[in-house]
A.B. asks: 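Before anything else, here's the structure in question.
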Amino acid sequence: MALIGSDINRASRELDKGNLVGIPTETVYGLAGNALDPKVVAKIFSVKKRPTFDPLIVHIPSFQFLNTIVAEIPEKAEKLANHFWPGPITLVLPRKDTVPDLITSGLSTVAVRVPNHPLTLKLLDQLDYPLASPSANPFGYISPTAAEHVQQQLGDKIPYILNGGPCKVGIESTIIGFESSQPVLYRSGGIPLEEIKELIGELNTSVQTSGGAAPGMSASHYAPGKTLLLGNIRKLLEEHGPEKAGILSLKDHYHQIENRYQIQLSLNGDLAEAARNLFGSLRELDAMPISHIFAELVPNCGLGLAINDRLQRAAS
Ligand code: TXA
Ligand code: MG
């Protein structure tokens, strides 16, 4: 099993040896390795059982590092980076040849971000290379928001997990690309769309679920093991019965169901708190002796957009 600890030197020694390490970020835990070593990148895909057509995000210590891996930085990309980094926004930009083909799945662009977690920023600072890091879950399962989640799922495949506590945002980064120099939303995430628009104006949001530009956005990406049904929870209870069901609501409680089979994401409907609790709650319900999870969409604003996106993927 992997060792769990907060020893940055230990993490960097493992990475220098070409091993993979679980790392904390503000969004979700990552499965990290040397981004410039194709053998290490191949290991990431195999440990995650991730298809190689689904490209990885490269994590760098600061904006200054960006020009070592990207060939061109559009003005709006620079604006976003300066405003939100370190933070939960990933930019998809034209790549340099230093980036291994496997990272980008052969695309001419590379996804990059500066994560906002003190331990991981320190780690990145002391390494001579950036870190390729997808979320540290087996492909198709719920993303990890605590070191223990990584241990449960990948602990037997990696030597070390850097423990940075529970993730403060709890949902993956927002991914922005540029097509014909226009900004495009590839994945809603930890930075609300409203804040991005305020900074750079309108952006194209229609390609988000097309699957073409962001190959990893397969429909069932966040699926728990149980069947998740999305809708009006009261109606779902009437239609399918309360037996064997668990509930994931924003704030309402349902007396028909035992308490431990239902989770309220935020008692006062706070969407940031709901985002923080989402993946852990899905995991908890997944471990319960139930066959179905009934869940409802949350208001489609702020972080609600990303929460609803993940719920819809978990349901399909
Ligand atoms: O918050 C996050 O972004 C977390 C933490 C660990 O940083 N990482 C994460 O990585 O969510 P992952 O691998 O689970 O998701 C990366 C997404 C995939 O959907 C992938 O298709 C997309 O980024 N992506 C990567 N490179 C791309 C590119 N060149 N063009 C379009 N999409 C890209
Ligand atoms: Mg992922």
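In what follows, every heavy atom counts, from backbone to side chain, and hydrogens, waters and symmetry copies are set aside. We count ligands from 1, going down the list as the structure has it; atoms in each ligand are counted the same way.
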A.B. asks: Indicate whether the side chain of Q151 and that of Y29 have a donor and an acceptor atom separated by less than 3.5 Å.
C.D. replies: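 Y29 and Q151 do not have a side-chain donor-acceptor pair below 3.5 Å.
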
A.B. asks: Would you say ligand 1 has an N or O under 3.5 Å from any N or O of T25?
C.D. replies: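 The answer is no, given that T25 and ligand 1 share no N or O pair closer than 3.5 Å.
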
A.B. asks: Under the criterion side-chain contact (heavy atoms from CB on, under 4.5 Å), which of T174, T90, V169, L199 is the partner of I191?
C.D. replies: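 Looking at T174, T90, V169, L199, the match for I191 under the side-chain contact (heavy atoms from CB on, under 4.5 Å) is T174.
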
A.B. asks: Indicate whether any N or O donor in one side chain lies under 3.5 Å from an N or O acceptor in the other, for S62 and Q64.
C.D. replies: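 Checked: S62/Q64 side chains pair up, N/O donor to acceptor below 3.5 Å.
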
A.B. asks: Please verify whether a non-hydrogen atom of R50 lies at under 4.0 Å from ligand 1.
C.D. replies: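 Checking ligand 1 against R50, which is what was asked, there is a heavy-atom contact under 4.0 Å.
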
A.B. asks: Ligand 1 and D54, any nitrogen or oxygen pair closer than 3.5 angstrom?
C.D. replies: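 Yes; the residue has a nitrogen or oxygen that sits under 3.5 Å from a nitrogen or oxygen of the ligand.
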
A.B. asks: Just to verify, which of P24, P61, S133, P86 counts as forming a side-chain contact (heavy atoms from CB on, under 4.5 Å) with T120?
C.D. replies: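 Checked P24, P61, S133, P86 against T120; only one passes side-chain contact (heavy atoms from CB on, under 4.5 Å): P24.
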
A.B. asks: Given S135, S133, P55, which one has a non-hydrogen atom that is nearest to atom 24 (N) of ligand 1?
C.D. replies: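 The nearest heavy atom belongs to P55.
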
A.B. asks: Can you check whether E172 has an N/O within less than 3.5 Å of an N/O in ligand 1?
C.D. replies: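 There is no such contact.
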
A.B. asks: Would you mind listing which atoms of ligand 1 come within a distance below 4.0 Å of any non-hydrogen atom of T27?
C.D. replies: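 Answer for ligand 1: 1 (O), 2 (C), 4 (C), 5 (C).
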
A.B. asks: Could you tell me, atom by atom, which parts of ligand 1 come under 4.0 Å of a heavy atom of V92?
C.D. replies: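 Listed by number with element, the hits are 28 (C), 29 (N), 30 (N).
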
A.B. asks: In plain terms, say whether K251 and E273 are close enough for a salt bridge, that is, a side-chain N and a carboxylate O under 4.0 Å apart.
C.D. replies: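 Here K251 does not pair with E273 in a salt bridge, since their nearest N and O are not under 4.0 Å apart.
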
A.B. asks: Show me which atoms of ligand 1 lie under 4.0 Å from any heavy atom of A111.
C.D. replies: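 Answer, ordered by atom number: 25 (C), 26 (N), 27 (C).
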
A.B. asks: Indicate if the distance from the Mg ion (ligand 2) to the nearest N, O or S atom of S143 falls below 2.8 Å.
C.D. replies: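 False for S143.
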
A.B. asks: Can you check whether K48 has an N/O within less than 3.5 Å of an N/O in ligand 1?
C.D. replies: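 It does not: no N or O of K48 is found under 3.5 Å from an N or O of ligand 1.
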
A.B. asks: May I ask you to decide whether E238 forms a salt bridge with R234, counting only side-chain N to carboxylate O separations under 4.0 Å?
C.D. replies: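 No salt bridge links E238 with R234.
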
A.B. asks: Quick check on contacts: which atoms of ligand 1 are under 4.0 angstrom from a heavy atom of I175?
C.D. replies: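 The atoms of ligand 1 under 4.0 Å from a heavy atom of I175 are 17 (C), 22 (C), 23 (O).
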
A.B. asks: Give a yes-or-no answer on whether the side chains of D16 and Y129 include a donor-acceptor pair shorter than 3.5 Å.
C.D. replies: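 Looking only at side-chain atoms, Y129 and D16 do form a donor-acceptor pair, the distance falling under 3.5 Å.
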
A.B. asks: Please confirm whether F279 and H149 have ring centers closer than 6.0 angstrom.
C.D. replies: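 No, the ring of F279 stays outside the 6.0 Å limit from the ring of H149, centre to centre.
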
A.B. asks: Hey, any chance L66 and V99 share a hydrophobic cluster, counting ILVMFWY side chains that come within less than 4.5 Å of each other, even indirectly?
C.D. replies: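 L66 clusters together with V99.
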
A.B. asks: Is E194 paired with K197 through a side-chain N to carboxylate O contact shorter than 4.0 Å?
C.D. replies: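 No, no charged N to carboxylate O under 4.0 Å.
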
A.B. asks: Of the side chain and backbone of T109, name the one, both, or neither that has a heavy atom under 4.0 Å from an atom of ligand 1.
C.D. replies: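 Both of them.
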
A.B. asks: Using a plain distance cutoff, I'd like to know if R187 has any nitrogen or oxygen under 3.5 Å from a nitrogen or oxygen of ligand 1.
C.D. replies: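 Yes, at least one N or O pair falls under 3.5 Å.
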
A.B. asks: Against heavy atoms of P134, which atoms of ligand 1 measure under 4.0 Å?
C.D. replies: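 So the answer, numbered in order with elements, is 10 (O), 12 (P), 13 (O).
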
A.B. asks: Heavy-atom contact under 4.0 Å between H59 and ligand 1?
C.D. replies: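 Right, H59 reaches ligand 1.
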
A.B. asks: Can you list the atoms of ligand 1 that are under 4.0 Å from a heavy atom of S173?
C.D. replies: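 Counting from 1, the qualifying ligand atoms are 1 (O), 2 (C), 3 (O).
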
A.B. asks: Linking I/L/V/M/F/W/Y whenever any side-chain heavy atoms sit under 4.5 Å apart, do I293 and V298 land together?
C.D. replies: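 Yes, I293 connects to V298 through the hydrophobic network.
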
A.B. asks: Assess T104 for proximity to ligand 1: is some non-hydrogen atom of it under 4.0 Å away?
C.D. replies: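 Contact check T104 vs ligand 1: negative.
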
A.B. asks: Out of all atoms in ligand 1, which are within 4.0 Å of some heavy atom of L107? Include the element for each.
C.D. replies: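 This gives 28 (C), 29 (N), 30 (N) as the contact atoms.
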
